[in-house]
Amino acid sequence: MNALAQFSTPAIDVTPEGSDYETVRRVIEMITLDYRDQPSLETIAAEIGQSPTQLQKLFTRWAGLSPKAFLQAVTIDHAKRLLGTEGLPLLETSYEVGLSGPGRLHDLFVTHEAMSPGEWKAKGGGLMIRYGFHPSPFGLALVMATDRGLSGLAFADEGREREALDDMTRRWPNATYVEDKAATEPYVGRVFDRSKWLCDRPLRVVLIGTDFQMRVWQSLLKIPYGKAVTYSDVANDIGQPSASRAVGAAVGANPISFVVPCHRAVAKNGALTGYHWGLTRKRAMLGWETGGA
């Protein structure tokens, strides 16, 4: 694997202000320390070192939501609402709605293919994976791609780029890795620029995993934008209702975060539970999607 080169800022930056996500991250961490005692906008702004007006503009720019609406969007109550009417299997109804549903009008359309079992067993042998770090609405994104499409999307906090790259390359240790921002940059706009989410121009992704993981990830791809499902829902969908724990592990191993929307999987009670790239980032994604729904 090539040594990790020094990162330079690419031409495309879908984050209007580079510090937006850092501010959002701090706000989310503030409000989740004790969700029963939600601080006021004025209190949050003072802690962040901005005026209430500045904070209002930042959230409107970043998520299309006021700070108050965003805070509501990252609470457990909102997660419960995403799960749908109590007693109704949301994933089943989401699948029935399919591409004609209102949520899909805002969704990122994806066409996917899976690596063959032989390719999986080779652990990336014979594959060339190009990668690059790019700004995104959720911090620094590590984008990875083969000639067949997007194969990896991860996130890194500032100064932890090496950890993110090592995490991803360990999954396919026999692949050849080449840093190539020019090759990965077009994926940034396709993934994070909502104006490019067009049904007649689906994003090509390639899934590299075990057969079980593949089935879980394909199930996640069915979840409409602005909705959520439980791990049990996914287990039922793949025909293994007793495999919720294994489903949770496969969700956590998802190599194409955000695109394969593992952030839309929650616990039965609506709790957001864990997220491989940080629970704060998962909350940010759900809030960002709420603003675009």
Side-chain angles (χ1 to χ4, degrees), residues 7 9-10 12-79 82 133-143 153-165 167-168 188 191-194 226 228 252 254 256-259 261-266 271-293:
F7 311 116
T9 304
I12 293 177
D13 183 354
V14 294
T15 307
E17 297 289 341
S19 61
D20 279 6
Y21 176 71
E22 178 61 21
T23 300
V24 170
R25 180 189 66 77
R26 292 176 62 194
V27 170
I28 292 175
E29 290 177 349
M30 281 184 63
I31 66 173
T32 53
L33 287 176
D34 188 350
Y35 66 90
R36 292 161 297 187
D37 183 24
Q38 295 297 308
S40 66
L41 174 61
E42 288 73 21
T43 300
I44 295 172
E47 182 70 22
I48 297 297
Q50 297 187 7
S51 71
T53 300
Q54 287 176 314
L55 198 59
Q56 177 91 16
K57 288 181 178 178
L58 183 149
F59 270 85
T60 301
R61 176 178 66 237
W62 183 82
L65 292 172
S66 68
K68 181 179 180 180
F70 181 83
L71 300 191
Q72 291 172 342
V74 297
T75 64
I76 188 171
D77 289 337
H78 180 70
L82 289 181
F133 284 88
H134 305 270
S136 85
F138 312 110
L140 201 59
L142 169 58
V143 180
L153 179 58
F155 296 95
D157 293 325
E158 187 176 353
R160 303 184 68 176
E161 296 90 344
R162 166 62 75 177
E163 291 178 37
L165 183 59
D167 183 306
M168 295 297 286
V188 180
V191 171
F192 298 113
D193 184 348
R194 294 186 182 108
N254 168 30
I256 313 180
S257 298
F258 187 75
V259 173
C262 52
H263 59 284
R264 297 177 193 163
V266 300
L272 299 189
T273 64
Y275 185 64
H276 191 77
W277 305 110
L279 189 54
T280 294
R281 190 168 274 112
K282 180 172 182 173
R283 292 182 185 278
M285 289 177 178
L286 291 172
W288 190 82
E289 289 187 341
T290 299

Could you tell me whether the side chain of [Y] reaches within less than 4.5 Å of the side chain of [X], counting heavy atoms only?
| X | Y | value |
| --- | --- | --- |
| His134 | Leu140 | no |
| Val27 | Ile48 | yes |
| Val191 | Val143 | no |
| Arg281 | Arg25 | no |
| Arg26 | Ile44 | no |
| His276 | Asn254 | no |

Check your understanding: So, does Trp277 use its side chain to make a donor-acceptor pair with the main chain of Ala154 at under 3.5 Å?
Key -> no
Distance, nearest 0.5 Å, that separates [atom1] of [X] from [atom2] of [Y]:
| X | Y | atom1 | atom2 | result |
| --- | --- | --- | --- | --- |
| Leu55 | Thr23 | CG | OG1 | 7.5 Å |
| Lys282 | Ser257 | NZ | OG | 11.0 Å |
| Arg264 | Leu286 | CZ | CG | 8.5 Å |
| Met168 | Leu142 | CE | CG | 6.0 Å |
| Thr53 | Lys57 | OG1 | NZ | 7.0 Å |
| Ser136 | Asp20 | OG | CG | 11.5 Å |

Review point. Between Pro135 and Val188, what is the shortest heavy-atom contact and its length?
Key: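 Closest heavy-atom pair between Pro135 and Val188: O-CG1, 3.8 Å.
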Check your understanding: Taking all non-hydrogen atoms of both residues, which atom of Ala45 and which atom of Pro52 are closest, and how far apart?
Key ->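 Shortest heavy-atom separation between Ala45 and Pro52 comes out as CB-N, 3.7 Å.
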Check your understanding: For Arg160, which residues count as a salt bridge (Lys or Arg N to Asp or Glu O under 4.0 Å) partner, sequence neighbours excluded?
Key -> Glu163
Exercise for review: Dump the intermediate steps for side chain to side chain contact (heavy atoms under 4.5 Å, CB included) on Glu289 and His263, then the final yes or no.
Suggested key: CA-CA 11 Å; Glu289 289 187 341; His263 59 284; 2.9 Å; yes
**Study point:** Result of checking Phe138, Phe59, Tyr21 against Trp288 for ring-ring contact (aromatic ring centres under 6.0 Å, His included)
**Key:**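 Only match with Trp288 under ring-ring contact (aromatic ring centres under 6.0 Å, His included): Phe138.
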Check your understanding: Under the side chain to side chain contact (heavy atoms under 4.5 Å, CB included) criterion, do Leu58 and Val24 qualify, and how do the steps go?
Key -> CA-CA 9 Å; Leu58 183 149; Val24 170; 4.0 Å; yes
Check your understanding: Going through the checks in order, is the ring pair (Phe, Tyr, Trp, His ring centres under 6.0 Å) test met by Phe192 and Phe258?
Key -> CA-CA 9 Å; Phe192 298 113; Phe258 187 75; 5.4 Å; yes
